[in-house]
Every structure is written in C-alpha cells, then in structure tokens.
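Here the structure is laid out as structure tokens; the discussion comes afterwards.
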Amino acid sequence: MDLVRHSFHHQLLLFSLISLSYVSGTQFSLPRLGALRRTIRNKLDIESISSLPKDFKTFFYSQTLDHFNYKPESFTSFQQRYVINSKYWGGANTSSPILVYFGAEESLDYDLSGIGFLTDNAPRFKALLVYIEHRFYGKSIPCGSREAALRNASIRGYFTSAQAIADYAAIILHIKKTFFAKNSPVIVIGGSYGGMLAAWFRLKYPHVALGALASSAPILYFDELAPHVGYYAIVTKDFKETSESCYETIRKSWDEIDKVASKSNGLSILSMKFKTCENLKRSFDLKDFLDSIYSEVAQYDHPPSYPLNIICRGIDGDPKGTDILGRIFAGVVAYMGNNSCYDMNEFNRPNDETYIGWRWQTCSEMVMPIGHENNDSMFPPSPFNLNKFIRKCKSLFGVRPQPHWVTTYYGGHDLKLILHRFASNIIFSNGLRDPYSSGGVLENISDSVVAVYTVNGSHCLDILPEKKSDPVWLIKQRKTEVGIIESWISKYYTDLIMFRDRTRVKGDGGHIFHRGKEKKLQK
C-alpha cells in the first residue's frame, strides 16, 4: 500500500512539473548551472562511478535537518554522504591542508569522476581530500526519497543554500576532529552554483575555511546586479566570433520555425524535419530545445573538442541550397549525434534530480533573472518576467520566490566596497567565453580577494582534470590559482607559529599583543 501511495505521489509531482513546463508560454528554460556539461554526465558510466577507486572512502554523517531553529522537528537528522581520499595526506602532525569540494545541484558521483583540481594538486599540497554532497541530492535526502521531501512543504523549506553551507561546516569540523587535524588549514572549492557556495562559505564561516576557490560562480546574477541579457549576449558573441554565417542562420531560424508552424500541418512538418521522438504540440518546445543546445555549447565550449565549433561546422557545412531549418538540423546532428529521434525534453527531464531540485531552489531563493532581448541577439525576444515567474512558482510549490534574499543574506550591492572591507582569501575564477561570466567577479577586490580569468575559458574549465592537450593559457590559470592558495597556506603556517609562541609566554602580568607590540592591561 505504501509503495502504491509513493508511486502515486511521485507521478503527481512529475505531472505538476510537466504541466508547469507546458503552460510556461514563451518563457524559455533558464540555462542550467553545473560544473559538468550535461552530455559529460550522461556519458559517465553509473556503475563505474558507483564503484569508487580504493583511495576514495564513502562515509555518512548524521546531519541536523535545521541548523537555525530549536523546534522539536529541527533536530530531525538525515544521512549526508561525504567521501574522503587520504592517499596523499601529510597527516595531522604536519598540519597538512584539507581540500574540500562542495557538491552542488547533482549527485556527488559525477564530481568524483569529473572534477580534477583536488586530485591533480593533492600530491603538491600533501592534502586530505574531502567531497561533500549537497542536501536533497544524490544519497543525501531527508525523508527517504526526493519526491517525498519535495512534496512535503515543511521538509522542503529546509532545502536552502544557508542550510547547505551549515551542513558543510558541521561535516568539516567533524572530519577535523576525527582526523585530529585541528591545525590543518581548509580550502573549499566549488564550481558554478557550488562556486557560489564556496565564496559564501568563506564569508560566513571564515573560522572554518582559510580560503575559497569559486570557479565560474555568477554571484552577481541576482537582484538586478547583472544585466538580464548578459548571459545570452555572451552566447551570441561566442557564436558570432566563431562563424558569422552560423550566427546569421540561427538568428533567421526562429522566424522560419514560426512560418512553418503556422501552416495547417506545420507542427507535423517540424516534427519530421527535426526527427522529434514525439509529435510537437507547439513550436515553442522545439525553440526551447534549440535554445538549450546553443546555451550549452557556448557555456561548456571546452578544448580540445570545442563543441561550439562542432555545431557551427554542421550548420555551415550542409550542402549548398539546403534550407535554413535543414542547416539547423545538421547542427543538431553534428553536436548530439545521428540519433533515431531527438527528445525535446532532453535538457529539462521532469524526472531528473537536478531538474526537480533546482526548480525548487530557483523558485525559493536562487532567482536569477536571465532573459533574451532584441539588439543584435541571435535569439528571439523573451525578457525575464518576474511576475510570470512568481505565478509559475506559486502554482507548483505554493511559495513566492524571494528575489532579494541572496543579496540580503550574502551581500551583493556595492560588492567591491563590502568585500574590500571584510572579505579575504577568495579566488573568483572565470572564462570570458562562459555566458555566466556576465554575473561573475572579474576585477580584483583586494590583495587576497582576486579575479583570475582567461579570455578563451569556459564554464568551470579550471577545475576539470588536467589533460596533455590543455592550452597554455589554461595551464597558466591553474598555476596562478595554485600559487595563490599556496601563499594563503604559507601565511597561515607563519601565523600558526607566531600565535603558538605567544601562548608560551609565561607569567600572569596580563600581557597582550597588538600589531606586533606588547601592551600591558590596566589592573
């Protein structure tokens, strides 16, 4: 009976998500965040990532559901997954550092295989490596199942970024205690949404983390801090720089889709032309599918394959005389492969854990106002409409999004002044071909809150595994980041020795130290 009830509620949630997608009108899907490209995640063999190398050990921590209240239900616990690799660790006696990767809006399994910065640099730092899964993703689900948790209005209220970074703090302190690593400095690392969490963690928990590497973290894409059109302006720029003819073909294709769709059998024609797995019910689904492809190839235009080049070669390389939509389809095939059919829900699967979880997060606090506008954009007009967005979220979850909360809780307005005054030891790394860099920190804030970017870089490229084919500019970016982290750790060791010496001062004369000078308290 419980199984039947669970299945019914699961189907009800999926139906609600599907319905919401269908009634959303001409509001295009928000571009996905994530350190790893969707197609890379799909190619990872689930069996291979579930059977970890011997150096990786999986643990579960009894995590508190609510870190900020003292109600009886606040003390409910759930099992949160984290993974440790101690192969290269120098040990607690040497105060060797701990590198902590913050899992984000997906299962931790993908990060263990797809993120390389920690394992690539562990021998250099003699570091203990820790990977922590974000609550409500992967195997770290309160209430047993994700569907049950998101269906329960009381439980899903604990699905917030603030609760997530409090989780990370609790687990890091637990690990330091378990490994007798009181004096081991902690560097937290994250990419995309996880990069935002890493930066915010350093601001909120400076006593836990010595520093943070925030890769491709669009912390300014909130509350009107970055232009709504910033993301798609960079997508357009990337395509235009790659191929003017490819850009022009895409720009003209939207009207062509509308023209064909207006015919009596237009949707059938489009369905056949693009080999859709199911007959199109509206042309917008095809447009949204294509929008997602163009966004993905620009965002994750990684070397050496450079997927944006692949899709443009497909569009530009079709035989002379091929119509506009024929060339667009050739680009789809070039990028996604010659499949028997193409699923228009490929980028927005209602049963995908990232889709479900991130939909809640954007409907609560992570409101990123991304939209299209005319100008020279290769996309049709579709400005972000906050009122429509609020109605969508209320219809699905019964909550009103809080578009100002992120800047209220973490800061954002006058960021350079604020971070200059009270922040330290944060690297904001970006690649300027990444559309999300339009919401990133691209200028140094202070000597220790720094921006490290590359002109040709893409989303989270710097924290992916090193390859022999890596271009020189990427190698230099990573070397710069490692050098900055080494300077933080070196200064920490100097401070550690200095303060240890101070504690050895004998006597009860009430001595204190201020800026290197000894002063005596008045008795």
Side-chain angles (χ1 to χ4, degrees), residues 14-15 17-32 38-39 42 232 235-236 239 243 245-298 307-308 310-352 355 371-374 377-383 385 388 392:
L14 294 185
F15 176 76
L17 287 165
I18 293 170
S19 300
L20 182 65
S21 297
Y22 186 79
V23 301
S24 61
T26 56
Q27 190 80 41
F28 284 83
S29 299
L30 293 177
R32 291 277 286 269
R38 174 198 55 85
T39 48
N42 291 349
Y232 282 100
V235 176
T236 294
F239 271 85
S243 166
S245 59
C246 178
Y247 154 80
E248 283 292 345
T249 300
I250 294 171
R251 189 177 66 82
K252 294 175 181 177
S253 67
W254 311 107
D255 287 341
E256 192 65 23
I257 290 172
D258 289 337
K259 180 180 175 181
V260 174
S262 66
K263 298 178 180 179
S264 58
N265 60 341
L267 291 178
S268 296
I269 294 173
L270 290 172
S271 296
M272 288 187 289
K273 200 169 193 71
F274 284 89
K275 294 172 62 175
T276 62
C277 293
E278 295 182 1
N279 289 330
L280 292 169
K281 293 182 174 64
R282 55 180 185 161
S283 61
F284 175 75
D285 294 333
L286 173 60
K287 290 181 179 181
D288 196 37
F289 172 74
L290 294 172
D291 177 284
S292 296
I293 290 178
Y294 303 145
S295 299
E296 181 173 272
V297 298
L308 199 155
I310 292 173
I311 197 169
C312 277
R313 282 199 298 267
I315 290 174
D316 293 339
D318 225 35
K320 189 176 181 179
T322 304
D323 64 16
I324 288 177
L325 296 187
R327 295 200 295 273
I328 294 296
F329 180 64
V332 173
V333 173
Y335 177 57
M336 303 194 73
N338 191 8
N339 302 333
S340 59
C341 70
Y342 298 89
D343 183 359
M344 296 296 101
N345 289 320
E346 176 73 24
F347 296 87
N348 299 291
R349 296 185 184 278
N351 60 347
D352 176 72
Y355 177 83
H372 304 168
E373 283 188 16
N374 267 328
S377 173
M378 70 180 196
F379 296 93
S382 180
N385 186 316
K388 182 183 289 186
K392 286 167 57 179

As an exercise, state the distance from [atom1] of [X] to [atom2] of [Y], rounded to the nearest 0.5 Å.
X: R313; Y: L308; atom1: CZ; atom2: CG; result: 10.0 Å
X: F284; Y: I257; atom1: CZ; atom2: CD1; result: 11.0 Å
X: D288; Y: S283; atom1: CG; atom2: OG; result: 11.0 Å
X: E346; Y: M336; atom1: CD; atom2: CE; result: 4.0 Å
X: S253; Y: K259; atom1: OG; atom2: NZ; result: 13.5 Å
X: K252; Y: L325; atom1: NZ; atom2: CG; result: 13.0 Å

What's the shortest heavy-atom distance between [X] and [Y], and which atoms?
X: A261; Y: L270; value: CB-CD1, 3.9 Å
X: A334; Y: G314; value: CB-CA, 3.9 Å
X: K275; Y: N338; value: NZ-OD1, 3.7 Å
X: S292; Y: N348; value: OG-ND2, 4.3 Å
X: K388; Y: N385; value: N-OD1, 2.9 Å

>> Taking the side chain as everything from C-beta on, heavy atoms only, tell me whether F347 gets closer than 4.5 Å to S29.
In response: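 No. Closest side-chain heavy atoms not under 4.5 Å.
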> With side chains defined as the heavy atoms from C-beta onward, is the minimum distance between T249 and I324 less than 4.5 Å?
Replying inline: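 Result yes, sub-4.5 Å side-chain heavy-atom pair found.
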>> Does E278, at its CD atom, have more than 12 non-hydrogen atoms belonging to other residues, nucleotides or ligands within less than 6.0 Å?
In response: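 No - once you tally the heavy atoms of other residues, nucleotides and ligands closer than 6.0 Å, there are 12 at most.
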>> Evaluate F239 against C312 for side-chain contact (heavy atoms from CB on, under 4.5 Å), listing each step before the verdict.
In response: CA-CA 8 Å; F239 271 85; C312 277; 3.7 Å; yes
>> Could you walk me through whether V332 and F289 satisfy the side-chain contact (heavy atoms from CB on, under 4.5 Å) test, starting with their C-alpha distance in whole Å, then the side-chain angles of each, then the deciding distance to 0.1 Å, before giving a yes or no?
In response: CA-CA 10 Å; V332 173; F289 172 74; 4.3 Å; yes
>> Before you tell me yes or no, could you show the steps for K287 and D258 under side-chain contact (heavy atoms from CB on, under 4.5 Å), namely the whole-Å CA-CA distance, both residues' side-chain angles and the distance that decides it to 0.1 Å?
In response: CA-CA 10 Å; K287 290 181 179 181; D258 289 337; 2.6 Å; yes
>> For residues 316-327, which residue pairs pass the side chain to side chain donor-acceptor pair (under 3.5 Å) check, not counting sequence neighbours?
In response: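 Sorted pair list: S243-D316, S245-D316, K273-D323, D318-T322.
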> Excluding sequence neighbours, so at least two apart, what forms ring pair (Phe, Tyr, Trp, His ring centres under 6.0 Å) with Y232?
Replying inline: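 Ring pair (Phe, Tyr, Trp, His ring centres under 6.0 Å) list for Y232, sorted by chain: H372, F379.
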> ring pair (Phe, Tyr, Trp, His ring centres under 6.0 Å) with Y342: which residues, sequence neighbours excluded?
Replying inline: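 Listed in chain order: F329.
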>> Run the side-chain contact (heavy atoms from CB on, under 4.5 Å) test on L280 and M344 for me, step by step, so that the C-alpha distance in whole Å, both residues' side-chain angles and the decisive distance to 0.1 Å come before the verdict.
In response: CA-CA 9 Å; L280 292 169; M344 296 296 101; 3.8 Å; yes
>> Holding to side-chain hydrogen bond (donor to acceptor under 3.5 Å, both in side chains), I want the full list of residues that pass it with S268, two or more places apart in sequence or in another chain.
In response: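 Not a single residue meets the side-chain hydrogen bond (donor to acceptor under 3.5 Å, both in side chains) criterion with S268.
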> Within the distance-only criterion (no hydrogens, no angle test), does the side chain of W254 pair as donor or acceptor with the backbone N or O of P381 below 3.5 angstrom?
Replying inline: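 Flag not set: sc W254 to bb P381 has no pair under 3.5 Å.
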>> Can a donor-acceptor pair be found, under 3.5 Å and without considering hydrogens, that links the side chain of S271 to the backbone of T276?
In response: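 No, S271 side chain to T276 backbone: no donor-acceptor pair under 3.5 Å.
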> For residues 262-291, which residue pairs qualify under disulfide (SG to SG under 2.5 Å), counting only residues two or more places apart or in two chains?
Replying inline: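 Found C277-C341.
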> How would you list, by chain and number, every residue that makes a salt bridge (charged side-chain N to carboxylate O under 4.0 Å, His left out) with R251, sequence neighbours excluded?
Replying inline: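 For R251, the residues satisfying salt bridge (charged side-chain N to carboxylate O under 4.0 Å, His left out) (neighbours in sequence not counted) are E248.
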